[in-house]
*Asks:* 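What follows is a single structure, and I will ask about it in a moment.
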2 protein chains.
Amino acid sequence: MFRTVTKCSTIKDVAAEADVAISTVSLVTNRKGYVSPKTTTRVLQAARKLSYSPRRAARNLSSGRTGNIGFVVRSDHFTRSETFYSRIFLGTEFEADNQRWYILLTTIPKEYVPIEHTPRFLRERNVDGIIVAGKVDPAFFTELEGAGIPVILIDFEMDAYSAVVIDNLGGARAAVEHLLDRGHSDIAFLGADMSHPSLSERFEGFQLAIHAAGESLNPARIIIEDKGEPVYKTGMVLSERLFSCYPTPTAVFCINDALAFCVLDQAARRGLHVPDDIAVVGFDDVPRAEQSHPPLTTVRVYKEQMGELAIRYLKEQMSDLSPSQLLYDRGSHTVKVPTELIVRASS
Amino acid sequence: MFRTVTKCSTIKDVAAEADVAISTVSLVTNRKGYVSPKTTTRVLQAARKLSYSPRRAARNLSSGRTGNIGFVVRSDHFTRSETFYSRIFLGTEFEADNQRWYILLTTIPKEYVPIEHTPRFLRERNVDGIIVAGKVDPAFFTELEGAGIPVILIDFEMDAYSAVVIDNLGGARAAVEHLLDRGHSDIAFLGADMSHPSLSERFEGFQLAIHAAGESLNPARIIIEDKGEPVYKTGMVLSERLFSCYPTPTAVFCINDALAFCVLDQAARRGLHVPDDIAVVGFDDVPRAEQSHPPLTTVRVYKEQMGELAIRYLKEQMSDLSPSQLLYDRGSHTVKVPTELIVRASS
DNA sequence: ATACTTTGTCGAAACGCTTCGATAGTAATA
DNA sequence: TATTACTATCGAAGCGTTTCGACAAAGTAT
């Protein structure tokens with residue numbers, strides 16, 4: 001039994017069909033140069049008749065554009081069960097589709113060894129631009145330098161690179177102010193991995209809000225596990241510590257939702273009622289926040305939108321400039337994406 | 001300020017450096033044909049010295065291989081908050097990386113209109129193989145026919161295509177047998193969207209287990225919402241219906257975890273204790289199952305592994321056959337991936 | 001009518017690789 | 001020594017586009 005394999009038609013076939021030169025067909029399909037309306041429609045008809053589409057590979061080789069964007073993220077970040085970075089990734093996928101690009105995903109290890117771990121798409125010159133999500137090893141950036149490819153960071157800042165970042169400080173501040181408004185004055189802070197700028201900024205926002213209210217920081221209420229990542233396992237340890245405080249604080253601001261869920265767990269296990277005995281606020285607004293017990297008050301981060309923004313921004317950076325201009329460092333622009341406090345039953 | 005743009009070296013440069021012909025370099029980098037050890041090392045040294053990597057685009061055009069795999073999934077499936085298909089996707093990403101391929105992701109609408117929605121990578125001949133995850137519009141397959149490209153389905157079966165599927169029947173059966181073992185005889189079934197083969201198979205497994213135990217099916221305990229998808233919203237409606245039964249069944253088997261979580265919710269809200277008042281079992285073992293209250297007994301589906309398997313399988317299908325052999329339909333092979341019952345506190 | 005500009009189309013080079021048939025050089029066989 | 005069979009390397013065609021300079025044809029100003 002045979003499958004019908006339709007030999008796919010080339011620009012040559014279209015040119016023959018429309019009785020024009022190959023280059024004319026190219027001009028039409030790329031909407032470049034002057035082609036008379038009459039010829040244009042003739043070419044378009046021929047193209048449709050033969051259901052012609054330019055082959056990517058040929059186009060790439062000839063034009064130097066690949067139509068691909070590289071997405072780089074640390075493997076340990078990407079496979080976390082809380083879907084923070086994968087939502088960002090999906091955001092880029094979504095907008096890339098609009099821009100008719102494809103995303104090539106690569107995860108790199110936490111400890112990056114230059115030549116050895118170089119993403120294949122860089123070596124093979126298979127991307128027109130690169131998005132780096134989250135904190136990655138600085139060694140990676142030294143490699144990126146020489147590539148002469150537009151780069152946008154997401155949720156991370158570095159040197160002169162452009163970036164799309166979260167308004168962590170504002171978000172944290174709003175969350176804590178909300179707790180203060182509700183009459184809480186004894187507010188704990190739960191955090192981990194403060195080496196990540198995004199996370200330390202949240203701590204700053206916490207402090208700012210406390211101070212702005214004329215309160216002072218109580219070191220006993222600052223519960224941080226600096227070695228651990230802000231994930232379930234660490235959260236269990238931290239919330240254990242939180243509840244072994246005496247007296248228990250009346251409210252807690254958690255550096256992200258994953259930690260906040262752990263606090264909800266522990267509270268329930270100890271027979272404490274949220275929010276009456278203790279109010280809990282998180283950060284990120286992952287899908288589960290809506291469905292927890294009680295639903296979690298948290299700071300919404302527009303993850304998909306950040307991905308989208310990065311793509312748009314990359315596009316701008318790529319089309320704005322002629323290749324030679326790309327040689328100049330145009331300085332970095334950082335977009336700070338606002339957050340939104342979502343008040344639910346946990347506070 | 002200038003960025004250093006290292007003009008990347010080509011095969012020509014390497015040939016010059018090693019003082020051999022271009023074709024010899026190609027033979028070495030592709031490990032093809034006869035090249036003497038002496039020449040080989042000379043070429044490799046030159047390549048390393050110039051840090052040469054073949055350009056993807058050039059290689060594509062010349063060899064006809066793109067090094068890309070297309071991943072097709074319905075957009076509504078992919079963006080669900082339960083991360084079923086995105087885990088499968090990650091599995092493919094993971095294994096594709098091993099095989100030195102890239103995955104091009106495309107979501108297609110639920111209602112597929114042939115020409116209009118054709119994935120770009122198909123038109124542009126930019127993939128060597130295709131993975132289709134989950135149920136998609138049959139119209140899509142009619143398009144796939146003529147492409148002459150290897151295809152593997154995941155979690156879906158269709159005509160003569162090869163597929164990687166879940167042992168839904170076995171899994172469901174094991175889950176229900178587990179409940180029977182615990183002494184339950186009044187077991188309800190919660191389901192939705194039974195048009196998806198994976199889901200109707202789970203129902204079959206349920207029925208089989210009940211019958212095998214010598215019990216008979218109680219229609220009042222079969223609670224199905226056929227129009228809705230098995231997600232949170234539907235789940236709330238279904239569990240509402242479940243608890244309005246009198247008497248309440250002592251156990252319930254849910255078609256997936258998303259529905260099971262809703263049951264846990266509703267039970268808690270009504271002051272019922274799980275598993276004493278009602279035992280709950282789900283299907284899929286999404287990450288949250290481990291962290292729910294109580295942790296959910298469920299049937300684990302190896303999602304990432306299914307993705308991996310699909311890639312390996314695709315590879316086999318692609319390398320086994322010379323292009324001309326590809327013209328023959330070699331019949332389909334279906335791999336059924338076993339499931340595992342994970343017993344937790346909810347039963 | 002002449003010179004100059006604009007418009008629309010074309011031919012050919014170039015992109016960087018793979019691949020295949022050709023060809024020397026060497027070893028084995030008659 | 002003449003023939004055959006490998007072995008190792010090479011040259012060149014070809015993949016399907018884009019792009020740039022050339023060039024007629026048509027239009028405009030002198």
Side-chain angles (χ1 to χ4, degrees), chain A residues 6-44 46-47 50-68 100 120-121 123-126 128 322-324, chain B residues 7-44 46-47 50-67 100 120-121 123-126 128 322-324:
Chain A
T6 46
K7 175 80 181 71
C8 88
S9 49
T10 73
I11 197 172
K12 207 190 254 175
D13 303 327
V14 178
E17 175 76 23
D19 197 29
V20 294
I22 285 180
S23 48
T24 305
V25 177
S26 177
L27 292 179
V28 170
T29 58
N30 293 304
R31 293 175 195 75
K32 276 186 181 174
Y34 310 98
V35 181
S36 70
K38 207 163 52 174
T39 314
T40 301
T41 55
R42 202 144 42 89
V43 169
L44 289 178
L50 304 175
S51 66
Y52 165 74
S53 267
R55 245 180 103 135
R56 244 281 117 66
R59 190 172 252 192
N60 289 358
L61 183 57
S62 175
S63 72
R65 298 246 145 67
T66 67
N68 299 327
R100 336 222 73 200
R120 226 168 61 252
F121 56 58
R123 272 210 289 272
E124 300 177 338
R125 305 270 146 163
N126 200 16
D128 303 331
S322 74
S324 74
Chain B
K7 174 81 182 69
C8 87
S9 50
T10 73
I11 197 172
K12 207 190 255 176
D13 303 327
V14 178
E17 175 76 23
D19 196 28
V20 295
I22 284 179
S23 48
T24 304
V25 177
S26 177
L27 291 179
V28 171
T29 58
N30 292 304
R31 292 176 195 73
K32 277 188 180 173
Y34 310 97
V35 182
S36 70
K38 207 164 51 175
T39 314
T40 302
T41 55
R42 204 144 41 87
V43 169
L44 289 178
L50 304 175
S51 66
Y52 166 74
S53 265
R55 247 181 103 134
R56 241 283 117 64
R59 191 172 253 194
N60 289 358
L61 183 57
S62 173
S63 72
R65 298 244 147 65
T66 67
R100 338 221 70 201
R120 227 168 59 252
F121 57 57
R123 271 209 290 270
E124 300 177 338
R125 304 270 148 162
N126 200 17
D128 302 330
S322 74
S324 74

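Values in this document were obtained by computation on a predicted structure and should not be read as measured data. Note on naming: letters A, B, ... go to the chains in the order of the sequence lines (proteins, then strands), and numbering restarts at 1 for each one.
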*Asks:* Check whether any side-chain heavy atom of A:Arg100 lies under 4.5 Å from a side-chain heavy atom of B:Arg120, and answer yes or no.
*Replies:* yes
*Asks:* What's the verdict on side-chain hydrogen bond (donor to acceptor under 3.5 Å, both in side chains) for A:Ser23 and A:Ser26, showing C-alpha distance, side-chain angles and the deciding distance?
*Replies:* CA-CA 5 Å; A:Ser23 48; A:Ser26 177; over 6 Å; no
*Asks:* In a check of side-chain contact (heavy atoms from CB on, under 4.5 Å) between B:Tyr52 and each of B:Ile11, B:Asp13, B:Val43, which one passes?
*Replies:* B:Ile11
*Asks:* Do side-chain atoms of A:Ser53 reach the backbone of B:Glu124 as a donor and acceptor pair under 3.5 angstrom?
*Replies:* no
*Asks:* Among A:Asp128, A:Asn126, A:Asn60, find the one that has a side chain to side chain donor-acceptor pair (under 3.5 Å) with A:Thr66.
*Replies:* A:Asp128
*Asks:* Provide, to the nearest angstrom, the distance between the CG atom belonging to B:Asn60 and the C1' atom belonging to D:dG14.
*Replies:* 15 Å
*Asks:* Starting from C1' on D:dT19, measure out to CG on A:Leu61 and report it in whole angstrom.
*Replies:* 13 Å
*Asks:* Taking N or O atoms only and anything under 3.5 Å, show me the protein contacts with nucleotides 17-21 of chain C, one pair per line.
*Replies:*
{"from": "C:dC17", "atom 1": "OP1", "to": "B:Tyr52", "atom 2": "OH", "distance (Å)": "3.0"}
{"from": "C:dC17", "atom 1": "OP1", "to": "B:Arg55", "atom 2": "N", "distance (Å)": "3.2"}
{"from": "C:dC17", "atom 1": "OP2", "to": "B:Ile11", "atom 2": "N", "distance (Å)": "2.4"}
{"from": "C:dC17", "atom 1": "O5'", "to": "B:Tyr52", "atom 2": "OH", "distance (Å)": "3.3"}
{"from": "C:dC17", "atom 1": "O2", "to": "B:Ser62", "atom 2": "OG", "distance (Å)": "3.0"}
{"from": "C:dT18", "atom 1": "OP1", "to": "B:Asn30", "atom 2": "OD1", "distance (Å)": "3.3"}
{"from": "C:dT18", "atom 1": "OP1", "to": "B:Asn30", "atom 2": "ND2", "distance (Å)": "3.0"}
{"from": "C:dT18", "atom 1": "OP1", "to": "B:Arg59", "atom 2": "NE", "distance (Å)": "2.9"}
{"from": "C:dT18", "atom 1": "OP1", "to": "B:Arg59", "atom 2": "NH2", "distance (Å)": "3.3"}
{"from": "C:dT18", "atom 1": "OP2", "to": "B:Ser26", "atom 2": "OG", "distance (Å)": "2.6"}
{"from": "C:dT18", "atom 1": "OP2", "to": "B:Asn30", "atom 2": "ND2", "distance (Å)": "3.4"}
{"from": "C:dT18", "atom 1": "O4'", "to": "B:Ser62", "atom 2": "OG", "distance (Å)": "2.4"}
{"from": "C:dT19", "atom 1": "OP2", "to": "B:Lys32", "atom 2": "NZ", "distance (Å)": "2.6"}

*Asks:* In whole angstrom, what separates A:Tyr34's OH from C:dG8's C1'?
*Replies:* 10 Å
